[in-house]
Number of protein chains: 2
Amino acid sequence: MPKIAESTVRRLSLYLRFLEDFEAQGMDTVSSEALASRGSTTSAQVRKDLSFFGSFGKRGLGYSVPELVARLRDILGLERTYRVAVIGAGKMGSALVQYRGFQQRGFQIAAVYDSDPAKTGRTWNGLRVRPDDRIEDDLRHDPVDIAIIVTPAESAQGVADRLVGAGVRAILNFAPVQLNVPDTVVVKNVNMALELEALSYALRNQ
Amino acid sequence: MPKIAESTVRRLSLYLRFLEDFEAQGMDTVSSEALASRGSTTSAQVRKDLSFFGSFGKRGLGYSVPELVARLRDILGLERTYRVAVIGAGKMGSALVQYRGFQQRGFQIAAVYDSDPAKTGRTWNGLRVRPDDRIEDDLRHDPVDIAIIVTPAESAQGVADRLVGAGVRAILNFAPVQLNVPDTVVVKNVNMALELEALSYALRNQ
DNA sequence: CTATGTGAATGATTTCACAGCT
DNA sequence: AGCTGTGAAATCATTCACATAG
């Protein structure tokens, strides 16, 4: 498998969403053009993205919607569910635990941690907030696939180090810091203030 | 001004954060190499990014930290504050309103809206949640620079249309849909489920 | 006839490497 | 001597355009 660009992977996720909508509407084939217009890209882009993984379409016809859904789920690794730990039980952590979109797409929140004793012991969504010094023990018995860091900036690197030590190999980081991890660990960042700054730049330049 | 790549703008935001840290530590000059290692990029990348906007450094010495902070703030349009409206007073909307990082960086939440009468009237952070049919009137008197959409997927496009009608020219969209807006309006998306899918893909391929 | 799959062409971004200041 | 600023080269991503299959 050639190395696939990040931008390609993100578009594949989008295509999958669109296809699920098409499927819900009972469509059974779709053209690269239809997918493209839905995601404001081009049909050539769609075909190229898919072509890295095989040829799933029928010339003259398009793609079978259910088949392409299955292929994309497989490509993205979404045929299984993932266990997720959330570290940080502030407002944002609470919102993430409640967020339906994760569960729906196979990401199960298995545990929530916080270092603040005032927060631990509360129950959210049937899930008790655990003291963060339990991370190591808990993950030894019940590993998670992905950790979401929603701590304040100051604590994020320390938490990341401990997670990596406990065997976590994928991190979604909401703290506004650049995490330092070994390159066996994947990190994606969601940096909301940075998105606003990108809007600020865009506004300033028409 | 040449057109600047999105990736460049995002790095400039990151450099600004690092510089603010350096400033807080009392450093007064910094090399492209120091900035680069902090953000896991290369010194050539840092110099190239900055060079699109002028030459701010001193050969043999590096960059003046306070001066570069000022230049980056200016480039990114952060010398002013921005008025922001949040649409959607669910868990996530509430978390965003409370989030310190926005205020700190000059993004002031001016109003929160929701269509659910059960939510309107509540007060968060000294800000009353307003019925969303007030958007048009409110924005006529007190325009905002940026709107953050945190509604369910189904309502997001309708809300976006109304915001655009009310003169909003920048949108940060947390709803997992692709918004359709005129090209006079800038949209940035934060799609958390999609980030998890990108992690899923990365995990599956080592 | 239609729409895919894909090399080849174009365009964009990153990296190199070094001349030019301080 | 040290580090910036920047053309030129290399790499990466997107678009074109068409032969090919249904």
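Everything numeric here is computed off the predicted structure, so don't read it as measured data. Both backbone and side-chain heavy atoms feed into the values below; hydrogens, waters and symmetry mates do not. Letters A, B, ... mirror the listed sequences (proteins, then strands); counts begin at 1.
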Write down the atom of A160(A), the atom of I171(A), and the distance for their closest heavy-atom approach.
-> CB-CD1, 4.4 Å
Atom CD of E33(A) and atom P of dA3(C) are separated, to the nearest Å, by 9 Å
Does R59(A) get its side chain close enough to the base of dT20(D), under 3.5 Å, for a donor-acceptor pair?
-> yes
Distance below 4.0 Å between S32(A) side-chain N/O and dT4(C) OP1 or OP2 = yes
Find the distance K48(B):NZ to dA9(D):P and express it as a whole number of Å.
-> 13 Å
For DNA chain D, whose closest nucleotide is more 5', that of L50(B) or that of R11(A)?
-> L50(B)
Report which part of the nucleic acid T41(A) touches: base, sugar-phosphate, or nothing (heavy-atom distance under 4.0 Å, all strands).
-> nothing
Would you say S7(B) reaches dT14(C)'s phosphate, i.e. side-chain N/O to OP1/OP2 under 4.0 Å?
-> yes
Ignoring the backbone of S31(A), work out which of dC3(D), dA3(C), dC16(C) is nearest its side chain.
-> dA3(C)
For R80(B), does the CZ atom have more than 12 heavy-atom neighbours from other residues, nucleotides or ligands under 6.0 Å away?
-> yes
Indicate, with a heavy-atom threshold strictly under 4.0 Å, whether S43(B) touches base, sugar-phosphate, or nothing.
-> nothing
According to a strict under-4.0 Å criterion, is Q45(B) in side-chain N/O contact with OP1 or OP2 of dT15(C)?
-> yes
Please report, rounded to the nearest Å, how far the C1' atom of dT14(D) is from the CZ atom of R10(A).
-> 18 Å
Carboxylate-amine/guanidinium proximity below 4.0 Å for E6(B) and K188(B) = yes
May I ask you to decide if A175(A)'s main-chain N or O and N173(A)'s side chain share a donor-acceptor pair within less than 3.5 Å?
-> yes
Check the distance between dA21(D)'s P and F56(A)'s CZ and give it to me in whole angstrom.
-> 19 Å
E6(B) atom CD is separated from dG11(C) atom P, nearest whole Å, by 21 Å
In terms of side-chain heavy atoms, does Q157(B) have a donor or acceptor partner in D161(B) at a distance below 3.5 Å?
-> yes
Value in whole Å for how far the P atom of dA21(D) lies from CZ of R47(A) = 16 Å
Atom OH of Y63(B) and atom P of dG2(D) are separated, to the nearest Å, by 18 Å
Any T42(A) side-chain N or O less than 4.0 Å from OP1/OP2 of dT15(D) | yes
Nearest-Å distance for atom pair CG/P, residues L35(B) and dC3(D) = 13 Å
Closest nucleotide of DNA chain C for F52(B) versus for G62(A): which of these residues is on the 5' side?
-> G62(A)
